[in-house]
Amino acid sequence: MPWILLLQAGLLEIGWAVGLKYVDGLSRPIPLVLTGAAMVGSVVLLGMAMRSLPLGTAYAVWTGIGSVGTVIAGIILFAEPADALRLACIAMIVAGIMGLKLAA
């Protein structure tokens with residue numbers, strides 16, 4: 001169960017990171033509220049997952065999910081570059097997340 005909570009927290013982290021692109025300097029109320037809700041939800045779920053997961057593992061996996069997901073969202077939604085070096089770096093982050101999961 002804590003890993004599911006951590007995955008959900010990571011997905012919400014992606015949501016709020018992408019949401020920041022849409023708040024337009026905090027001038028758009030609906031994206032701002034949704035982004036804020038995703039931020040709060042992400043941290044709450046992270047805290048719940050940390051009840052039974054080690055701090056370092058939970059935090060690293062949470063930020064890893066958010067980082068990888070945000071880069072992928074940027075590639076898909078905002079036509080950011082998807083060159084070989086960026087994809088290789090994403091693969092290394094994913095490998096690190098998997099390693100931490102196996103070690104926990």
Side-chain angles (χ1 to χ4, degrees):
M1 185 66 164
W3 288 102
I4 293 170
L5 293 173
L6 190 57
L7 175 63
Q8 292 171 335
L11 294 174
L12 285 174
E13 185 183 7
I14 297 165
W16 71 255
V18 172
L20 288 174
K21 192 83 163 162
Y22 291 102
V23 299
D24 195 28
L26 307 179
S27 66
R28 299 181 63 205
I30 292 174
L32 180 61
V33 169
L34 293 173
T35 300
M39 286 178 174
V40 170
S42 180
V43 172
V44 167
L45 290 171
L46 173 62
M48 292 170 64
M50 282 185 178
R51 289 181 184 159
S52 56
L53 294 175
L55 166 71
T57 299
Y59 185 75
V61 170
W62 178 66
T63 58
I65 292 168
S67 298
V68 169
T70 302
V71 170
I72 292 170
I75 291 168
I76 294 169
L77 298 173
F78 306 113
E80 293 178 359
D83 55 52
L85 181 57
R86 286 187 87 191
L87 297 178
C89 291
I90 290 171
M92 287 188 288
I93 294 170
V94 171
I97 293 169
M98 291 170 50
L100 287 170
K101 166 72 171 95
L102 292 173

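Side chains included, hydrogens not; waters and symmetry mates left out as well; all remaining heavy atoms used.
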**Asked** Looking at Leu100 and Thr57, what are the two nearest heavy atoms and their distance?
**Response** O-CG2, 3.9 Å
**Request:** Could you pull out the closest heavy-atom pair between Ala49 and Pro2, with the gap in Å?
**Result:** CB-O, 3.5 Å
**Message:** As an exercise, state the distance from OG1 of Thr35 to CG of Leu12, rounded to the nearest 0.5 Å.
**Reply:** 11.0 Å
**Glu80 CD to Ile72 CD1 distance, which is reported to the nearest 0.5 Å** = 11.5 Å
**Reported CD1-to-CG distance for the pair Ile97 and Leu102, which is rounded to 0.5 angstrom** = 12.0 Å
**Asked** Within the distance-only criterion (no hydrogens, no angle test), does the side chain of Thr63 pair as donor or acceptor with the backbone N or O of Ala60 below 3.5 angstrom?
**Response** yes
**Request:** Taking all heavy atoms of Ile75 and all of Pro81, pick out the closest pair and write down the distance.
**Result:** CG1-O, 3.6 Å
**Asked** Is there a chain of hydrophobic side chains (I, L, V, M, F, W, Y, each step under 4.5 Å between heavy atoms) that links Ile14 to Val40?
**Response** no
**Fill in**
The reported gap from CD in Glu13 to CG in Leu6 (rounded to nearest 0.5 angstrom) is 10.0 Å
**Asked** When clusters are formed by joining ILVMFWY residues with side-chain heavy atoms under 4.5 Å apart, either directly or through shared neighbours, do Tyr59 and Leu11 land in the same one?
**Response** yes
**Message:** Could you report the tightest heavy-atom contact between Ser27 and Pro29, atom names first, then the distance?
**Reply:** O-CD, 3.5 Å
**Prompt:** Are the side chain of Ser42 and the backbone N or O of Ala9 linked by a donor-acceptor pair below 3.5 Å?
**Reply:** yes
**Prompt:** Partners of Arg28 by salt bridge (charged side-chain N to carboxylate O under 4.0 Å, His left out), sequence neighbours excluded?
**Reply:** none
**Prompt:** Are Trp16 and Leu45 in one and the same hydrophobic cluster, where Ile, Leu, Val, Met, Phe, Trp and Tyr link if side-chain heavy atoms are under 4.5 Å apart?
**Reply:** no
**Prompt:** Rounded to the nearest 0.5 Å, how far apart are CG of Leu46 and CE of Met50?
**Reply:** 4.0 Å
**Asked** With hydrophobic residues grouped by side-chain heavy-atom distances under 4.5 Å, do Ile65 and Leu87 end up in a single group?
**Response** yes
**Request:** Is it possible for you to say whether Val44 and Val33 belong to one hydrophobic cluster, with membership spreading through side-chain heavy-atom contacts below 4.5 Å?
**Result:** no
**Message:** Working to the nearest 0.5 angstrom, can you tell me the gap between Leu53 CG and Trp3 CH2?
**Reply:** 5.0 Å
**Request:** Would you name the heavy atoms of Gly66 and Thr70 that are closest together and state the gap between them?
**Result:** O-OG1, 2.6 Å
**Message:** With a 4.5 Å cut-off on side-chain heavy atoms, are Val43 and Met39 touching?
**Reply:** no
